[in-house]
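Residue numbers begin at 1 in each chain, while the letters A, B, ... track the order of the sequences.
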Number of protein chains: 2
Amino acid sequence: MLSTHSPLARKLGNFVALSESDLAVLDTLHRRRRSFAVGRDLVFQGQTHQAVYILAEGWVCSYKLMRDGSRQIVDFQIPGDFLGLRSVLFRTADHNIEPLTPVEASEVLESELLQTFADTPRLATALLWAASRDEAMVVEHLVGIGRRDARERTAHFLLELSARLTLVGRGTRDGFACPLTQYHLADALGLSSVHVNRVLRELREDGLATFQTGQVTIHDFDRLAELAEFDRAYLDQEGPLLR
Amino acid sequence: MLSTHSPLARKLGNFVALSESDLAVLDTLHRRRRSFAVGRDLVFQGQTHQAVYILAEGWVCSYKLMRDGSRQIVDFQIPGDFLGLRSVLFRTADHNIEPLTPVEASEVLESELLQTFADTPRLATALLWAASRDEAMVVEHLVGIGRRDARERTAHFLLELSARLTLVGRGTRDGFACPLTQYHLADALGLSSVHVNRVLRELREDGLATFQTGQVTIHDFDRLAELAEFDRAYLDQEGPLLR
DNA sequence: CGGCGATCCTGCCGTGGATCAGTTCATACT
DNA sequence: AGTATGAACTGATCCACGGCAGGATCGCCG
């Protein structure tokens, strides 16, 4: 029954048990539907008066540009994720958001959002939880870049994507459809695309996982998780905390 | 007048204008005072049924341990910051928290916290903001490790600490008191302590900043900010969003 | 059909930072 | 004063990863 609702409702439902009226409020946030084309950024660093979006369909990445032209992809967002939530709370965007596939998203106004928090504290709690989960992922990403070598980092990245996609029903333990290129991986992992390529070859030759355009296949989940020190505690949730 | 309240109230006051009753609720969260000794971790990775704390006095760091014994410090917390908020929302801690100085903190029960969210949506919004700000810092940290070299990374780190401490009145643009050792810097920056030492020497010799135990002195803020591509937009706030 | 732009793949060499193996310095303890 | 301890500092060596350059493959479009 949750599946008849938006991916966002599905995600939040993992944390707080949502009432019919909560779900109705979530639905009202989905009124202004927008489409975005691949590569046309929908949020720019430094932009003010930015709307928030709830991603309904497609993949995007959020990244920061450096002076020297290189970029660091901070995270990929998939359906059910908020886009630019921080930008509203700070009133100026500190990152860019780029669609990697054609994207469908619902625009939410700042006033609507703040009103929702005030009217529906349960949802505010759920959103706080979602924000914490996002932070946990960024932290894991940080640890990866700081203390894992290229192989471990890549392995961890693939496992995390797999876990997230599985949660919203778009992947399994064996693999998932994935629109990313090796360049995206490089920008996300803090590696050069050349090196990413080598690492992917190694993972493939070792029978751990295959990354090809459009499809990621995980051949040996356990060994991959072992290599990556992957701990899914920070993604799993054994049922709603708030009933 | 805000200064008569807790550092947390002071911090949140930057985002939402807090009423007397909001402040009173915040005060009730500070009832259970606890003290912690240096080096005795107050949260452990994997621990469940964890309380949250509001840091009142002292510094702590949150970190993750790797299999090989190395660690990645994810963030340092200073008075006014929450400790272990994620651990409650996830019901199991995904990191450790270690006091770097003697610490005073208020213990907050999970039930109290959730009740506060429900009763005082304004505070929930403020906390969401604080969580977003924390995430922004982790993101900046991530970008630093991924795309900045050791010098830039170190410079950025010092500037960020300076900005945060200035916000709570414990530092100026010229420097701040700082209990960290070079080992802490190494664990935070993803460098070896040896290399940190070399980088600090360079910064000192270039007349940019001096890091000594107990005191950080910034000699040339502008050149340092230039070197680090430091953008304080993500920390600044031009006044409360919610009035 | 042939040309063009992405993407993927590979080899070779340069380098930033890790690691090892120390020395110096400061404070604290006896 | 003499010893212990922990932080700061230094030089020599090594290696993971980046940069560059060239090539293979595929899909798209005229």
Side-chain angles (χ1 to χ4, degrees), chain A residues 37-39 59 61 66 68-73 98-101 144-158 177-206 209-217 227-228, chain B residues 38-39 61 66 68-73 98 100-101 144-158 177-206 209-217 227:
Chain A
V38 175
W59 290 44
C61 70
M66 309 301 290
D68 65 5
S70 68
R71 69 172 183 174
Q72 176 68 49
I73 292 181
E98 175 190 328
L100 305 175
T101 68
I145 290 190
R147 295 291 160 188
R148 282 191 259 261
D149 68 20
R151 267 174 72 94
E152 296 166 346
R153 209 184 299 177
T154 308
H156 194 278
F157 176 81
L158 294 179
C178 171
L180 306 180
T181 69
Q182 297 187 353
Y183 294 97
H184 290 128
L185 279 196
D187 283 346
L189 298 174
L191 298 169
S192 67
S193 62
V194 176
H195 205 63
V196 165
N197 184 278
R198 281 190 268 258
V199 168
L200 289 177
R201 172 162 50 81
E202 282 178 36
L203 292 181
R204 190 178 345 110
E205 287 172 357
D206 290 350
T210 302
F211 179 97
Q212 26 185 201
T213 20
Q215 184 65 31
V216 172
T217 312
L227 168 65
Chain B
V38 176
C61 69
M66 308 302 288
D68 66 5
S70 68
R71 69 171 183 174
Q72 176 69 48
I73 292 182
E98 175 190 327
L100 305 175
T101 67
I145 290 189
R147 295 290 162 189
R148 281 191 259 260
D149 69 19
R151 268 174 72 93
E152 297 167 345
R153 212 184 294 178
T154 307
H156 195 279
F157 176 81
L158 294 179
C178 171
L180 306 180
T181 69
Q182 296 188 354
Y183 293 96
H184 290 127
L185 279 196
D187 282 346
L189 297 173
L191 298 170
S192 68
S193 62
V194 177
H195 205 63
V196 166
N197 183 278
R198 277 191 269 259
V199 168
L200 289 177
R201 172 164 53 80
E202 283 177 36
L203 292 181
R204 189 178 348 109
E205 287 173 357
D206 292 350
T210 302
F211 180 98
Q212 28 187 201
T213 21
Q215 184 65 31
V216 172
T217 311
L227 168 64

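Per the geometry, NE2 belonging to A/His195 stands 14 Å off P belonging to C/dT10, to the nearest Å. Regarding A/Glu152, its CD atom lies at a distance of 12 Å from the P atom of D/dA16, rounded to whole Å. Rounded to whole Å, the distance from CZ on B/Arg148 to P on C/dG17 is 13 Å. In this entry the distance linking OH of A/Tyr183 with C1' of D/dG19 reads 13 Å, nearest Å.
Distances were taken from every side-chain heavy atom of B/Arg153 (C-beta onward) to each of C/dC8, C/dG17, D/dG18; the shortest belongs to C/dG17. Among the nucleotides C/dG17, D/dC17, D/dT10, the one closest to any side-chain atom of B/Arg201 is D/dT10. For A/Val194, the listed nucleotide lying nearest its side chain is D/dA21; candidates were C/dC8, D/dA7, D/dA21.
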>> Between B/Gln72 and B/Ile145, is the side-chain contact (heavy atoms from CB on, under 4.5 Å) condition met? List the steps.
In response: CA-CA 11 Å; B/Gln72 176 69 48; B/Ile145 290 189; 3.6 Å; yes
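Across all strands shown, B/Leu200 has no heavy atoms under 4.0 Å from either base or sugar-phosphate atoms.
Place B/Arg198 and B/Thr181 on DNA chain D by their nearest nucleotides, and B/Thr181 ends up nearer the 5' end.
In terms of phosphate contacts, A/Asn197 brings no side-chain nitrogen or oxygen within less than 4.0 Å of OP1 or OP2 of C/dC8. Dashed line: the shortest gap from a side-chain N or O of B/Gln182 to OP1 or OP2 of D/dC9 is under 4.0 Å.
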